[in-house]
Amino acid sequence: MSLALATLAPAAAQDYPSKPIVLVVPFTTGGVLDTLARTIGQTLTQSLGQSVVVDNRTGASGNIGTAYYARAAADGYTIGMGTIATHGINPSLYGERLPYDPIKDFKPLAMVATQRNVVLVNPALPIANVQQLIAHAKANPGRLAYGSAGNGSSQHMAGQMLMRQAGIKLTHVPYRGSGPALMDLIAGNIDLMFVDMPAAMPHIQSGKVRPIGVTSLDRSSALPDVPTVAEQGVPGFEVTAWFGVLAPAATPQPIADRLSSEILKAMARPEVIQKMKSLGADPVAVPPAQFGEHIAREIARWTAVVNELNVKLD
């Protein structure tokens, strides 16, 4: 940074923010990530004194919106949401086609939530638990179709990991979001799916789908009688989604520090915590350095999984 830019940065930080901030969500409206972003945005609007406007830019498993805010002006007025898909799985799944560098192009601000998935089956299937699912899949290799929210999603990879660890063959059917997949599961067009808890709960409660396992290492308080996949003969099985906020890499550090501080404060507010829990998400407040380390570990983890399983885009 030149001397002129160095002297301008503190002044810019002191005046920040002087106009609305755009928070890019690289997935569709109405989902957990979108609601999470809007909740954080409302809180930041109050604490920063400027509007935080959510901008949904969808497509390519989150790659389009993520690339957009990676290339935005690094002035603190365009930031974005990152997920296990955009900053964990996609780097290895898309390889050279990924339109951004998940480490070099971003400055982590805070990780804000984690979320477990649940395994659902169509009630018409004679499957009440994961052991029966595995037995049925072994007897009918490739005939059971599992849906996910899309290529590169944690749900997609959960199915791939179950196939590998249980020694079974399932057919992956990617959808553009959890909603269409759930409708097809209820209609019997697919046999099972891995899905986020909030999307699943109304259909579980109505009896339209049957939950047989959760993908975290501990049980969900929302479904205390549903054992984890790991408890049911697949030891160590864990796929937990996560969400965070990032800025373009060249964002001045004083501005990034201000944003990080306000986001972390927001995640400690009781009303935000309650909102997160109502979404089926577990609120966290992970500061920038630790969030960056988490991203690096996730990239390494999912690179190993994708390579080992030879996962390809459907």
Side-chain angles (χ1 to χ4, degrees), residues 26-27 33 58-67 82-103 114-121 130 133-134 136-138 140-178 180-181 184-185 190-196 199 213-217 228-230 233-243 294-314:
F27 293 96
L33 182 64
T58 66
S61 299
N63 291 346
I64 291 174
T66 304
T83 71
I84 184 176
T86 61
H87 286 78
I89 298 169
N90 287 0
S92 55
L93 198 59
Y94 283 84
E96 294 182 354
R97 289 177 289 166
L98 195 73
Y100 55 88
D101 186 302
I103 300 293
T114 62
Q115 186 180 64
R116 67 197 82 204
N117 293 316
V118 59
V119 190
L120 304 177
V121 297
V130 171
L133 170 62
I134 293 170
H136 192 94
K138 286 183 175 179
N140 302 275
R143 294 185 64 183
L144 288 177
Y146 85 92
S148 77
N151 283 313
S153 65
S154 62
Q155 296 96 327
H156 173 201
M157 298 309 295
Q160 297 294 314
M161 289 184 67
L162 182 62
M163 284 195 285
R164 176 66 178 87
Q165 292 181 232
I168 59 176
K169 174 64 177 175
L170 305 171
T171 298
H172 177 226
V173 183
Y175 289 82
R176 297 191 68 176
S178 300
D184 264 10
L185 178 65
I190 55 176
D191 303 295
L192 69 147
M193 70 177 295
F194 297 80
V195 66
D196 57 276
V214 294
T215 65
S216 53
L217 290 178
T228 68
V229 175
V234 192
F237 184 94
E238 180 187 17
V239 181
T240 303
W242 52 264
F243 313 98
H294 179 79
I295 291 172
R297 287 194 302 269
E298 284 286 272
I299 291 171
R301 177 194 182 201
W302 290 110
T303 296
V305 169
V306 167
N307 291 341
E308 179 185 359
L309 302 182
N310 193 31
V311 179
K312 304 294 184 184
L313 293 173
D314 296 292

Within this structure, what is the [atom1]-[atom2] distance for the pair [X] and [Y], rounded to the nearest 0.5 Å?
X      : Y      : atom1 : atom2 : answer
Leu133 : Ile168 : CG    : CD1   : 5.5 Å
Glu238 : Met161 : CD    : CE    : 8.5 Å
Glu298 : Arg301 : CD    : CZ    : 5.5 Å
Gln115 : Phe243 : CD    : CZ    : 4.5 Å

Practice task
Report, as yes or no, whether the 6.0 Å neighbourhood of atom CZ on Arg176 holds more than 12 heavy atoms from other residues, nucleotides or ligands.
Solution key: no

Completion exercise
The side chain to side chain contact (heavy atoms under 4.5 Å, CB included) partner of Met157 among Asn117, Ile84, Val306, Thr215 is Val306

Side chain of [X], backbone of [Y]: donor and acceptor closer than 3.5 Å?
X      : Y      : result
Tyr94  : Gly152 : no
Ser154 : Val239 : no
Asn90  : Ser61  : yes
Ser148 : Pro174 : no
Thr66  : Gly62  : yes

Practice task
Step by step, work out the side chain to side chain contact (heavy atoms under 4.5 Å, CB included) result for His172 and His156.
Solution key: CA-CA 7 Å; His172 177 226; His156 173 201; 3.3 Å; yes

Problem - Where at least one partner belongs to residues 82-96, residue pairs that pass salt bridge (charged side-chain N to carboxylate O under 4.0 Å, His left out), sequence neighbours excluded - result: none

Problem - Where at least one partner belongs to residues 148-173, residue pairs that pass salt bridge (charged side-chain N to carboxylate O under 4.0 Å, His left out), sequence neighbours excluded - result: Arg164-Glu308

Handout entry: Minimum heavy-atom distance Ser216-Arg116, with the two atoms named
Key = OG-NH1, 3.1 Å

Problem - Smallest separation among heavy atoms of Ile89 and Ser153, with atom names - result: CD1-O, 3.9 Å

Practice task
Would you check, one step at a time, whether the test side chain to side chain contact (heavy atoms under 4.5 Å, CB included) holds for Val173 with Met193?
Solution key: CA-CA 9 Å; Val173 183; Met193 70 177 295; over 6 Å; no

Practice task
Begin with the C-alpha distance, continue with both residues' side-chain angles, and end with the deciding distance and a verdict on side chain to side chain contact (heavy atoms under 4.5 Å, CB included) for Gln155 and Ser178.
Solution key: CA-CA 9 Å; Gln155 296 96 327; Ser178 300; 3.9 Å; yes

Any side-chain heavy-atom pair from [X] and [Y] closer than 4.5 angstrom?
X      : Y      : result
Val234 : Ile134 : yes
Ser92  : Val305 : no
Thr86  : Tyr100 : yes

Practice task
Quick one: do Val195 and Val118 satisfy side chain to side chain contact (heavy atoms under 4.5 Å, CB included)? Show the steps, please.
Solution key: CA-CA 6 Å; Val195 66; Val118 59; 3.8 Å; yes

Exercise for the section: Give me the ring orientation class for Tyr146 and Phe194: parallel if the planes are under 30° apart, tilted from 30 to 60°, perpendicular past 60°. Expected result: perpendicular

